[in-house]
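A short write-up of the structure that comes next.
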Number of protein chains: 2
Amino acid sequence: MAQKKTHCDCLNTIKPVRDALDVISGKWKLPIIISVGVGNDRFTDIQESIPLITPKVLAKELKELEQHKLIKRIILGEYPVKISYKLEPYANTLTPIIYALKDWGINHRKKVMDR
Amino acid sequence: MAQKKTHCDCLNTIKPVRDALDVISGKWKLPIIISVGVGNDRFTDIQESIPLITPKVLAKELKELEQHKLIKRIILGEYPVKISYKLEPYANTLTPIIYALKDWGINHRKKVMDR
DNA sequence: TATAGCACTTTCCCAAAGGAAAGTAGAATT
DNA sequence: AATTCTACTTTCCTTTGGGAAAGTGCTATA
C-alpha cells in the first residue's frame with residue numbers, strides 16, 4: 001500500500017500562509033500600516049511618508065484596511081471636519097511579520113550589493 | 001525651526017519591507033517555497049501539492065525563484081532526463097517570515113470565524 | 001478676493017497577473 | 001501500435017493593480 005504517495009503534504013502550512021497573504025499582500029498595505037503605526041494619522045501625511053504612492057491608491061487601500069479591521073477612520077470636530085487614521089489594536093498582531101520582513105529585507109539588500 | 005515637521009519618518013522600516021515584498025510577495029512564491037521545502041521536488045508533485053496552481057504559473061514562478069537564488073533546478077540522469085527542484089540554503093532565511101505568516105493566518109481565520 | 005490646504009474622487013489608460021484549455025516532445029508502459 | 005507520463009509551452013482572454021492628471025467641495029489664510 002501507499003505506493004501512490006507521490007507528493008508530501010504541506011497544506012497545513014500553505015493554507016494559513018495564503019490566508020495571511022490574502023489580507024496583507026500587495027505593494028502598499030504594510031507600508032501604510034507602518035506609517036500609521038509610527039503616528040502619521042492624516043491622509044496627506046501618510047501620503048507624503050510613503051514614496052510614490054498616489055492618492056487614489058492610498059484611498060482604496062485605506063478602505064480595505066478598514067474593512068479588515070486593521071485601521072480605523074475617525075472623524076474629528078464639527079465644522080472644520082478633520083479625519084484621523086489610527087491602527088486598530090488588531091494591527092499590532094502584524095508586528096512579528098513586519099519585523100521578519102524588515103530583517104530579511106535589510107539582509108537581502110546587503111547580499112545583493114555584495115554580489 | 002522644525003515647524004514644518006509634519007509627518008513622522010518611517011522609511012527605515014518601509015524601505016526594507018518593500019525590498020522583501022519585491023522578492024516574495026504575490027500569491028504563489030511562498031507556497032512554492034513551502035512545498036519544495038517539505039520535499040516535493042518534481043514539477044508535477046509541486047503542482048499537485050498547491051491547490052489551483054496552473055502549470056503556466058508554476059513554471060513562471062519557478063524561474064523567478066531561480067533568478068532570486070531561492071530555488072535550484074537540477075537535471076538528473078542522462079537519457080530519461082529527470083528534473084529536480086530543491087531549495088537553496090538561502091531560502092531557509094525565509095523561515096521566520098513563513099512562520100510569522102502561518103501563525104497570523106491561523107489566528108486570523110479563528111478571528112473571522114468567531115465573528 | 002484670491003490662494004492654499006485637506007481629503008479625497010474621477011477619468012483614462014497601460015501593464016502585469018493569472019485562469020482555461022490545448023498542445024508538445026520525448027520516453028516509458030501496456 | 002496506442003496510451004501514459006513528465007515537464008512544460010502556447011494561445012487567448014479577463015481581471016486586477018496601479019500611474020498621471022485633473023477635478024471637487026469645503027475651509028482657512030493672506
Side-chain angles (χ1 to χ4, degrees), chain A residues 3-8 14 17-18 21-33 35-36 39-68 71-86, chain B residues 3-8 14 17-18 21-33 35-36 39-68 71-86:
Chain A
Q3 243 166 344
K4 279 290 180 191
K5 180 196 164 192
T6 44
H7 63 267
C8 299
I14 288 179
V17 167
R18 294 270 317 256
L21 290 176
D22 286 344
V23 177
I24 58 152
S25 88
K27 201 171 169 181
W28 303 112
K29 289 200 181 60
L30 288 178
I32 291 167
I33 286 170
S35 175
V36 176
N40 294 308
D41 69 333
R42 314 297 303 277
F43 191 92
T44 312
D45 291 344
I46 300 166
Q47 190 187 329
E48 285 171 2
S49 72
I50 301 172
L52 302 177
I53 199 168
T54 62
K56 186 185 92 168
V57 169
L58 179 55
K60 190 195 114 219
E61 301 281 288
L62 283 170
K63 275 172 200 156
E64 290 180 29
L65 291 169
E66 251 194 284
Q67 284 167 10
H68 285 299
I71 278 184
K72 54 175 177 279
R73 183 181 188 270
I74 305 156
I75 302 167
L76 297 174
E78 295 290 312
Y79 302 113
V81 177
K82 296 272 178 185
I83 301 212
S84 173
Y85 292 95
K86 296 282 183 187
Chain B
Q3 244 167 344
K4 278 291 179 191
K5 180 196 166 193
T6 44
H7 63 268
C8 299
I14 288 178
V17 167
R18 295 270 319 254
L21 291 175
D22 286 343
V23 177
I24 57 154
S25 88
K27 202 172 171 181
W28 303 114
K29 290 200 182 62
L30 288 178
I32 291 167
I33 286 171
S35 175
V36 177
N40 295 308
D41 67 334
R42 314 295 304 278
F43 190 91
T44 312
D45 292 343
I46 300 166
Q47 191 187 330
E48 286 170 1
S49 72
I50 301 172
L52 302 177
I53 198 167
T54 61
K56 186 185 91 169
V57 169
L58 179 55
K60 191 195 115 219
E61 300 281 288
L62 283 170
K63 274 172 202 157
E64 289 180 29
L65 291 168
E66 252 194 283
Q67 283 168 9
H68 285 300
I71 277 184
K72 53 175 175 281
R73 184 181 188 269
I74 306 157
I75 302 166
L76 297 175
E78 295 289 314
Y79 302 114
V81 176
K82 297 270 178 186
I83 302 217
S84 172
Y85 292 96
K86 297 282 185 189

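All values below were derived from every heavy atom in this structure, side-chain atoms included, with hydrogens, water molecules and symmetry-related copies excluded. Just so we're clear, the structure is a prediction, and the values are computed from it rather than from any experiment.
An OP1 or OP2 oxygen of C/dA7 is reached within less than 4.0 angstrom by a side-chain nitrogen or oxygen of A/R42. B/Y85 has a side-chain polar atom (N or O) that falls below the 4.0 Å cut-off from OP1 or OP2 of D/dC8.
A 4.5 Å side-chain heavy-atom check between A/I83 and A/F43 finds every atom pair outside the cut-off. For the pair B/I32/B/I71, a side-chain contact is recorded, criterion being any heavy-atom separation below 4.5 Å from C-beta on.
A straight line from CD1 of B/I83 to P of D/dC5 spans 19 Å, rounded to a whole angstrom. Computed from coordinates, the B/D22 CG to C/dA16 P distance equals 14 Å when rounded to whole Å. The nearest whole Å value for the distance from the CG atom in A/L62 to the P atom in C/dA7 is 11 Å. The distance from atom CG of B/L76 to atom P of C/dG26 is 20 Å, rounded to the nearest whole Å. Summarising the geometry, the separation between CG on B/N40 and C1' on D/dA7 is reported as 15 Å, rounded to the nearest angstrom. For A/E48 and C/dC6, the CD to C1' distance is 11 Å, given to the nearest whole Å. Between B/F43 atom CZ and C/dA27 atom C1' the separation is 18 Å, expressed in whole Å. Straight-line distance from the CD1 atom of B/I32 to the C1' atom of D/dC8: 14 Å, rounded to whole Å.
Every residue meeting the side chain to side chain contact (heavy atoms under 4.5 Å, CB included) condition with B/S84, not counting sequence neighbours, appears here in chain and number order: B/D41, B/I74, B/L76, B/K86. Taking A/K29 as the reference, A/E61, A/E64 meet the salt bridge (charged side-chain N to carboxylate O under 4.0 Å, His left out) condition, with sequence neighbours excluded. Residues forming a side chain to side chain contact (heavy atoms under 4.5 Å, CB included) with A/R42 (at least two apart in sequence, or on another chain): A/D45, A/K82.
If you take CG on B/L30 and CD1 on B/I24, they are separated by 4.5 Å, rounding to the nearest 0.5 Å. How far OG of B/S35 is from CG of B/N40: 3.5 Å, rounded to the nearest 0.5 Å. Between A/I33 atom CD1 and B/I14 atom CD1 the span is 11.0 Å, to the nearest 0.5 Å.
Rounded to 10 degrees, the angle between the two end axes of the helix from C/dT1-D/dA30 to C/dT30-D/dA1 is 0°, with five pairs used at each end.
Listed nucleotides C/dT9, C/dA7, D/dC8 differ in distance to A/A59; the shortest reach to its side chain belongs to C/dT9.
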side-chain contact (heavy atoms from CB on, under 4.5 Å) evaluation trace for A/E66 with A/L62: CA-CA 6 Å; A/E66 251 194 284; A/L62 283 170; 5.8 Å; no
The contact string for nucleotides 11-30 of chain D, one letter per nucleotide 5' to 3', using protein heavy atoms under 4.0 Å with B, S and - for base, sugar-phosphate only and none, comes out as BB-----BBB------SS--
